[in-house]
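The structure appears below as C-alpha cells.
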Amino acid sequence: MAHPAVLARLVEEYEMVSQLRAGDRREPLRQRLEDVVYTLCVSTGTRDVEAALASARERMAAAWIVDVDAAEAAA
C-alpha cells in the first residue's frame with residue numbers, strides 16, 4: 001500500500017476535483033477525476049472509490065497513531 005502521505009494527497013485531490021466536477025462538465029475535470037480514482041484504487045488494492053477512500057483513511061489514521069506513539073516514546 002502507498003505511503004500515508006501519498007494517500008493523503010490523493011484523498012485531498014479526489015475531494016477537491018469531485019467538488020469542482022459537481023458543477024462543471026468539462027472533459028479535463030472528468031478525466032482528472034477518473035485518473036485520481038484509478039490511482040486511489042491501485043494504491044489501496046481496491047476496485048471502487050468508496051472502498052479506496054475508506055482504506056486510505058484507515059491507513060492514514062493508523063500512521064497518525066504510530067507517529068504519535070513514536071513521538072511520545074522519544075520524549
Side-chain angles (χ1 to χ4, degrees):
M1 186 174 291
H3 190 278
V6 172
L7 295 173
R9 186 189 59 77
L10 287 169
V11 169
E12 181 180 342
E13 186 172 359
Y14 172 81
E15 291 169 348
M16 180 184 66
V17 175
S18 291
Q19 289 177 353
L20 291 173
R21 173 95 170 99
D24 193 332
R25 301 291 181 222
R26 287 184 288 180
E27 181 65 20
L29 284 176
R30 184 194 64 77
Q31 183 60 52
R32 186 64 198 142
L33 185 59
E34 285 182 12
D35 291 347
V36 172
V37 167
Y38 174 82
T39 304
L40 265 169
C41 288
V42 169
S43 298
T44 58
T46 59
R47 294 184 180 260
D48 67 83
V49 70
E50 294 305 320
L53 289 168
S55 180
R57 289 179 176 130
E58 286 176 20
R59 173 81 168 125
M60 292 182 315
W64 180 79
I65 290 168
V66 169
D67 288 345
V68 169
D69 290 344
E72 289 175 354

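Everything numeric in this text was worked out from a predicted model, so none of it was measured.
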For the student: nearest non-hydrogen atoms of V17 and L29, plus distance: CG1-O, 3.8 Å
Over all heavy atoms of both residues, which pair between A2 and R59 is shortest? Give the atoms and the distance, please. O-NE, 3.7 Å
Applying side-chain contact (heavy atoms from CB on, under 4.5 Å) to V11 and R57, what does each step give before you reach the verdict? CA-CA 8 Å; V11 169; R57 289 179 176 130; 3.8 Å; yes
Side-chain heavy-atom pair E34, V37 within 4.5 angstrom cut-off: no
What do the steps show when you test D35 against R32 for side-chain contact (heavy atoms from CB on, under 4.5 Å), and what is the final call? CA-CA 5 Å; D35 291 347; R32 186 64 198 142; 3.6 Å; yes
I'd like to know if the side chain of S55 reaches the main chain of A51, judged simply by a donor and an acceptor atom lying under 3.5 Å from each other, with no hydrogens or angles considered. no
Establish whether [X] and [Y] are linked, either directly or via other cluster members, by ILVMFWY side-chain heavy-atom contacts under 4.5 Å.
{"X": "L20", "Y": "V36", "value": "yes"}
{"X": "Y38", "Y": "L33", "value": "no"}
{"X": "V42", "Y": "L53", "value": "no"}
{"X": "V6", "Y": "M60", "value": "yes"}

Do NZ/NE/NH1/NH2 and the carboxylate oxygens of E12 and R9 come within less than 4.0 Å? no
